[in-house]
Protein chains: 2
Amino acid sequence: MNIADQIYSAADSANQDRAQAIRDNLRDAIVDRRLAPGTKLSEGEVGTLFDVSRTVARAALQMLSFEGLVRTERNRGAFVANPSPEEARQVFASRRLIEPGLATAACGRVTATDIAAFRAQLDEEGRFIAERGPTARRSEIKASGDFHLLLASVAGNAILQRFMEELVARSSLVIALYGRSGVSACGHSEHTGIVGALESGDCGLVSRLMLHHIDHIEADLDLRVRAGPALREALNF
Amino acid sequence: MNIADQIYSAADSANQDRAQAIRDNLRDAIVDRRLAPGTKLSEGEVGTLFDVSRTVARAALQMLSFEGLVRTERNRGAFVANPSPEEARQVFASRRLIEPGLATAACGRVTATDIAAFRAQLDEEGRFIAERGPTARRSEIKASGDFHLLLASVAGNAILQRFMEELVARSSLVIALYGRSGVSACGHSEHTGIVGALESGDCGLVSRLMLHHIDHIEADLDLRVRAGPALREALNF
DNA sequence: GTAAAAAAGATTGCATACGATTCTTGTGCA
DNA sequence: TGCACAAGAATCGTATGCAATCTTTTTTAC
């Protein structure tokens with residue numbers, strides 16, 4: 001598979017650190033499922049696509065491998081991660097542990113401006129759900145993740161925010177692999193409920209709603225071991 | 001300051017990935033406080049010390065920067081991180097959020113073998129506390145962190161384990177900068193109490209003890225803004 | 001004597017080069 | 001036909017070189 005078509009142009013911004021710009025671009029592509037799990041990301045190809053040397057491409061891939069979005073094998077290269085059911089469980093166990101508390105923290109600091117941002121985010125989610133087609137679906141997935149990241153940013157803890165960025169990105173991969181249906185509408189209504197609780201200042205409720213929300217997302221997964229994961233792995237699919 | 005004396009030889013193991021071996025070595029040096037916050041880690045110097053090219057040294061420094069143990073400034077280089085009081089608060093807020101739940105998870109999975117490992121770990125802590133001198137003190141700090149990492153490994157979640165590795169390492173930096181006294185003896189008795197609760201299977205107690213323990217560690221910090229952090233920063237101290 | 005300016009030196013950012021490893025393809029033999 | 005093996009291509013790991021940037025020292029002007 002040629003990955004060229006799945007990557008948007010990197011023309012924008014970021015004269016500060018090109019590797020970081022490439023990482024962001026690739027991460028978006030992975031989270032949006034434009035790059036399927038298992039896809040090979042060769043240093044040379046990435047470098048050519050973004051018009052940089054292998055050195056810079058390699059740095060970007062190393063960053064993604066730290067985030068768990070890319071798996072690197074020595075002398076073989078980098079591949080879009082293909083999380084196992086066990087890894088998937090761990091991702092959601094981590095979220096169950098972190099996000100309710102994070103939501104409580106956010107509830108204690110949320111401002112009117114934040115609420116407005118949440119409302120805008122919910123609107124965007126709703127818009128993409130109403131639309132049809134694969135592009136809207138990708139945007140919907142991304143918007144759904146962005147809701148959780150917005151909450152993390154409101155909590156005001158940069159470290160937890162980074163952890164959540166990783167967990168949300170990996171969740172997207174997991175859902176791509178093991179998701180049964182589109183829980184989107186359901187998820188959207190739950191997001192709306194969380195914002196409502198945030199606005200009313202009921203932090204305990206926010207926390208509980210968040211926990212249930214995560215449970216619902218995970219409940220939609222089919223984490224039974226498939227017939228051919230080893231084969232898929234072997235074939236880089 | 002010449003960092004050569006603060007680094008142990010890298011003769012060991014790891015023909016698999018040299019950058020990773022260098023990262024581990026540097027991380028130990030930072031956590032052990034052999035490398036003070038603010039110390040410059042130039043690519044050339046690190047490369048020479050470990051007998052690799054700047055390419056490999058750079059990769060190791062990049063890893064450490066992802067872990068928050070090293071801060072890199074464009075065109076200026078890498079420095080051992082110098083966490084601000086605000087960052088210190090965030091490190092401990094993160095631990096308060098994660099570790100009680102992690103302890104509960106560990107409690108649900110702990111085996112007799114694990115308990116034995118905990119006992120051995122406690123013995124080691126006690127031994128270093130009894131000893132005198134800076135070397136014993138460093139080992140004591142490391143052993144104290146290793147207790148928390150052991151607990152994380154027992155919980156059986158690789159993702160949370162990695163988060164904890166980062167948080168424990170950064171805590172060590174924070175304590176080096178803002179620690180008031182040696183809470184070591186106090187911390188050791190609390191560790192002992194946690195293991196006791198683990199053994200008795202009282203998971204709720206384990207969680208509560210862990211929360212108090214973290215609170216105690218943080219209570220020993222003096223996070224008031226110092227007179228000259230800006231100056232220290234400017235002078236790379 | 002002090003402060004600004006310029007030059008020298010050191011360090012990083014990035015590209016490229018080369019050996020080593022892995023993957024692919026084609027050939028010979030059973 | 002099917003399999004083992006070897007040559008070739010592709011890719012990775014790492015060292016090194018050059019330009020750009022930053023730091024330090026020296027020079028120069030006031």
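Sequence lines set the chain letters: A, B, ... in the order given, protein chains first and strands last, and positions in each chain run from 1. Every heavy atom of this structure was used, including side-chain atoms; hydrogens, water molecules and symmetry mates were not. Quantities reported herein were computed from a predicted structural model and do not represent experimental measurements.
Between the CG atom of D17(B) and the C1' atom of dT21(C) there is a distance of 15 Å, rounded to whole Å. Protein atom CD of E45(B) is 20 Å distant from nucleotide atom P of dG9(C), rounded to whole Å. As rounded to whole Å, 12 Å separates atom C1' of dA15(D) from atom CG of D51(B). Here dT11(C) presents its P atom at 16 Å from CD of E73(B), a figure rounded to the nearest Å. Between the CD atom of E43(B) and the P atom of dT14(D) there is a distance of 15 Å, given to the nearest Å.
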Identify every side-chain donor-acceptor pair in residues 52-61 of chain A under 3.5 Å, counting partners at least two apart or on other chains, and give the distances.
| residue | atom | partner | partner atom | Å |
| --- | --- | --- | --- | --- |
| S53(A) | OG | T55(A) | N | 3.2 |
| R54(A) | NE | E43(A) | OE1 | 3.1 |
| R54(A) | NH2 | E43(A) | OE1 | 3.0 |
| R58(A) | NH1 | E43(A) | OE2 | 2.5 |

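Of the side-chain N and O atoms in R74(A), none sit less than 4.0 angstrom from OP1 or OP2 of dT11(D). Under 4.0 angstrom from either OP1 or OP2 of dG13(C) there lies no side-chain N or O belonging to R18(A).
The salt bridge (charged side-chain N to carboxylate O under 4.0 Å, His left out) check on D51(B) picks up nothing, with sequence neighbours excluded. Evaluation of the side-chain contact (heavy atoms from CB on, under 4.5 Å) rule for I141(B) yields R33(B), S172(B) as partners, not counting sequence neighbours. The salt bridge (charged side-chain N to carboxylate O under 4.0 Å, His left out) search around R162(B) returns E166(A), not counting sequence neighbours. Taking the side chain to side chain donor-acceptor pair (under 3.5 Å) definition, one finds that E218(A) meets it with R96(A), sequence neighbours left out. Every residue two or more places apart in sequence or in another chain was checked for a side chain to side chain donor-acceptor pair (under 3.5 Å) with S144(B), and none qualifies. Every salt bridge (charged side-chain N to carboxylate O under 4.0 Å, His left out) that E86(A) has, sequence neighbours left out, goes to R89(A).
Applying a 4.0 Å cut-off to non-hydrogen atoms, the residues of residues 56-63 of chain B that approach DNA chain C are R58(B), listed by residue number.
Salt-bridge annotation for R170(A) and E87(A): present, with a side-chain N of the basic residue lying under 4.0 Å from a carboxylate O of the acidic one.
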Restricting both atoms to N or O, compile the protein contacts to nucleotides 16-20 of chain C shorter than 3.5 Å, with distance only.
| residue | atom | partner | partner atom | Å |
| --- | --- | --- | --- | --- |
| dT16(C) | O4 | T55(A) | OG1 | 3.3 |

